[in-house]
Amino acid sequence: MKPIIYQLLPRLFTNYCETCRHDGTIEQNGCGKMNAITGRVLKSIKDLGVTHVWYTGVIEHAHATDYSHFGIKRDNPHVVKGKAGSPYAISDYYDIDPDIAENVEKRLSEFDRLVERTHKSGLKVIIDFVPNHVARRYESDVKPVGIEDFGVGDDNTMFFRRDNNFYYITRQLFAPSIDLGEGDDAYVEFPAKASGNDCFTAFPGPNDWYETVKLNYGVDYGDGSRHFDPIPSTWFKMLHILRYWASRKIDGFRCDMAFMVPVEFWEWAIPQVKKDYPDLIFIAEIYDVALYREFLGRARFDYLYDKVNLYDTLRGIQCSHFSAARLTNCWQTVEGIGQKMLNFLENHDEQRFASEYYAGDPALVLPSLIVSATMSTGPFMIYMGQELGEPAADAEGFSGHDGRTTIFDYWSIPTLRRWLNNGKPGLSKLTSRERWLRERYGKVMNMCNTEKAISDGSFFDLMYVNYDNSSLNPHRQYVYMRSYEKTTLVIAVNFGTNTCDLRIKIPTAAFEMLELPRGTVECVDLLTGETAEKTVSDESPFDTFIAPHNAVVWKIEHDKIKKA
């Protein structure tokens, strides 16, 4: 199956508060809970064509809320971003975040039941693995017997030592350019530790990851030397954490900032985990195309984010008048590994497609959606509320008005709130546009696995024979084919504001490679259900009309072609 991933933050997803305050506390703004992600909710997600749910931010991380009465040490709010904190400032790798539990003392059991419900709904579970950094305070209160916390036994008089878990800025007090408080409430760290974004100074700025501490995998960033033999302490601790979560019956890890961790660690760790859990998938967040093949080959990842290639190009076409013809370069860049690329239009790091900073109108999404979902057999991912056109129009608190849905604040998402309807998901409270959009997403994402040409087929770019086609503007339209056995899809997208009547040339090479017969055939557009008789030939063009900001996916069944 082609993985179709739905990313959601439980903290936000099932929060039904309608009166959230700017920078509000959990008492004021509420918080979504795992138990509210019921079988009924999961079925509605699955109906979109989803195969996997990525539960983001479920591992315990630093937050301003005080859970000390449950035996969880309090985080200093001065080194927490927002009231809810970053899901990537992990404070206990072995625990579930108390914010998202109805019964804090049974938070791990609630997570296990969520995994069971998800599997029962026919969906698989992905969670984050955050290997590069931890919160400024890291302490596990539920770690297994014999496991030491990160930093225990470190020699903090040295910047680097192979078996230190952290990097120390020796003889310097941690002094970022933010308020660290005064008196008993002040945050004091001496010696300072390096921050997670490879900030090897005691003085990180407000845009640095000052709320996190960089983990040491045996690389001395002072001189660039690498010390992997014998195996560093951090490697063993991280391997145990991976096995711990795998044993809780999850199906995969999305590995945060995987390229900031030495490839040698992944090469060592992933095969050991897969020996016991062979079906577990590893997805790498990565932003360097030059590293793609190494992280798939040597590091053994199953899939990689394709942010800097396809995502950035699609955004450029939508927002910056990039030529649509640049999409050819996207598949050429990942030729041979395209099936390993995870494509998306939104995630928690990026601005919402519907926001004023991106497209401004969610109804313009179809060309980008079709290309991102159907260009390859690799995974496609959407972010909670994307299918409803969530615009992220709020300034929630630490996260300002920036076109993103906050990951730092206690908040509620209006479009999701109305669709979920207090646990009874449905269309009744959605606007007409939101209903239309959800139906479009569902049609495209279901098509990804009902059509073998998309989930398992081959790709054929048609732009090279249509560069001089007067009916096609290569800056605004893009055309290609997907084919599997005796089915071929002709896919055309229109990023432009004008209608177009395309007369698409199909070259002789396509007929030979795809074993496509020539003749006339009754085709169906999989997006609209429209049927029409089309000519399939290398001597006559394939005609189609496309509305502005729209697409067509014409299905040709080889056995139904009437030979000329």
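When a residue number appears, it is its place in the shown sequence, counting from 1.
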Parallel under 30°, tilted from 30 to 60°, perpendicular over 60°: which one fits the rings of [X] and [Y]?
X      : Y      : result
Tyr305 : Tyr287 : perpendicular
Phe129 : Tyr93  : tilted
Trp235 : Trp268 : tilted
Phe282 : Phe253 : tilted

Test side-chain hydrogen bond (donor to acceptor under 3.5 Å, both in side chains) on His61 and Ser86; report intermediate values, then the result. CA-CA 7 Å; His61 55 270; Ser86 168; over 6 Å; no

Practice task
List the steps, then state whether side chain to side chain contact (heavy atoms under 4.5 Å, CB included) holds for Arg476 with Ile317.
Solution key: CA-CA 8 Å; Arg476 294 291 92 190; Ile317 294 168; 3.8 Å; yes

*Do Ile370 and Leu527 come close enough that some side-chain heavy atom pair is under 4.5 Å?*
yes

Do Asn449 and Ile4 make a side-chain contact, defined as non-hydrogen atoms from C-beta onward lying under 4.5 Å apart? yes

Find the distance between [atom1] ([X]) and [atom2] ([Y]) and round it off to the nearest 0.5 Å.
X      : Y      : atom1 : atom2 : answer
Phe322 : Phe495 : CZ    : CZ    : 12.5 Å
Leu366 : His549 : CG    : NE2   : 11.5 Å
Glu533 : Asp543 : CD    : CG    : 12.0 Å
Lys340 : Leu304 : NZ    : CG    : 9.0 Å
Ile556 : Leu489 : CD1   : CG    : 8.0 Å
Lys2   : Gln339 : NZ    : CD    : 11.0 Å

For this session: Measure centre to centre between the rings of Tyr480 and Phe459, then say whether the value is under 6.0 Å.
Result: yes

Do [X] and [Y] meet the criterion of a side-chain donor-acceptor pair at a distance under 3.5 Å?
X      : Y      : result
Ser455 : Tyr484 : no
Thr405 : Arg352 : yes
Thr56  : Gln7   : yes
Glu350 : Tyr383 : no
Tyr292 : Asp306 : yes
Tyr358 : Gln318 : no
Tyr55  : Thr118 : yes
Tyr478 : Asp461 : yes

Within a 6.0 Å radius of atom [atom1] on [X], are there more than 12 heavy atoms belonging to other residues, nucleotides or ligands?
X      : atom1 : result
Glu539 : CD    : no
Arg503 : CZ    : no
Lys124 : NZ    : no
Arg293 : CZ    : yes
Lys486 : NZ    : no
Lys237 : NZ    : yes
Glu515 : CD    : no
Lys452 : NZ    : no

Write down the atom of [X], the atom of [Y], and the distance for their closest heavy-atom approach.
X      : Y      : result
Ser121 : Lys46  : O-CD, 2.8 Å
Ser376 : Met341 : OG-O, 4.4 Å
Cys500 : Asn494 : SG-ND2, 3.6 Å
Phe380 : Ser372 : CE1-OG, 3.3 Å
Arg11  : Pro87  : NH2-CG, 4.1 Å

[X] side chain to [Y] backbone, donor-acceptor under 3.5 Å:
X      : Y      : result
His52  : Met381 : no
Ser195 : Asn197 : no
Asn446 : Thr450 : no
Tyr464 : Thr328 : no
Gln477 : Asn473 : yes
Arg482 : Ile454 : yes
Ser247 : Tyr244 : yes
Asn550 : Ile546 : no
Glu390 : Ala392 : yes
Glu267 : Phe265 : no

Answer yes or no: is there an ion pair linking [X] with [Y], defined by an N-O contact shorter than 4.0 Å?
X      : Y      : answer
Lys534 : Asp525 : no
Lys274 : Asp302 : yes
Lys555 : Glu451 : yes
Asp312 : Arg326 : no
Arg438 : Glu434 : no

Show, in sequence, the C-alpha distance, side-chain angles and deciding distance for Glu439 and Arg435, and conclude whether the salt bridge (charged side-chain N to carboxylate O under 4.0 Å, His left out) test is met.
CA-CA 6 Å; Glu439 187 272 336; Arg435 293 181 191 183; over 6 Å; no

Partner of Lys505 under side chain to side chain donor-acceptor pair (under 3.5 Å), picked from Asp468, Asp538, Asn469, is Asp468

**Message:** Evaluate Thr212 against Tyr88 for side chain to side chain contact (heavy atoms under 4.5 Å, CB included), listing each step before the verdict.
**Reply:** CA-CA 8 Å; Thr212 68; Tyr88 297 98; 6.0 Å; no

_Steps toward side chain to side chain contact (heavy atoms under 4.5 Å, CB included) verdict (Arg518, Phe511)_ = CA-CA 8 Å; Arg518 297 165 175 83; Phe511 288 89; 3.6 Å; yes

For Trp245 and Phe111: C-alpha separation, side-chain torsions, deciding distance, then whether ring pair (Phe, Tyr, Trp, His ring centres under 6.0 Å) applies. CA-CA 11 Å; Trp245 288 107; Phe111 174 75; 5.6 Å; yes

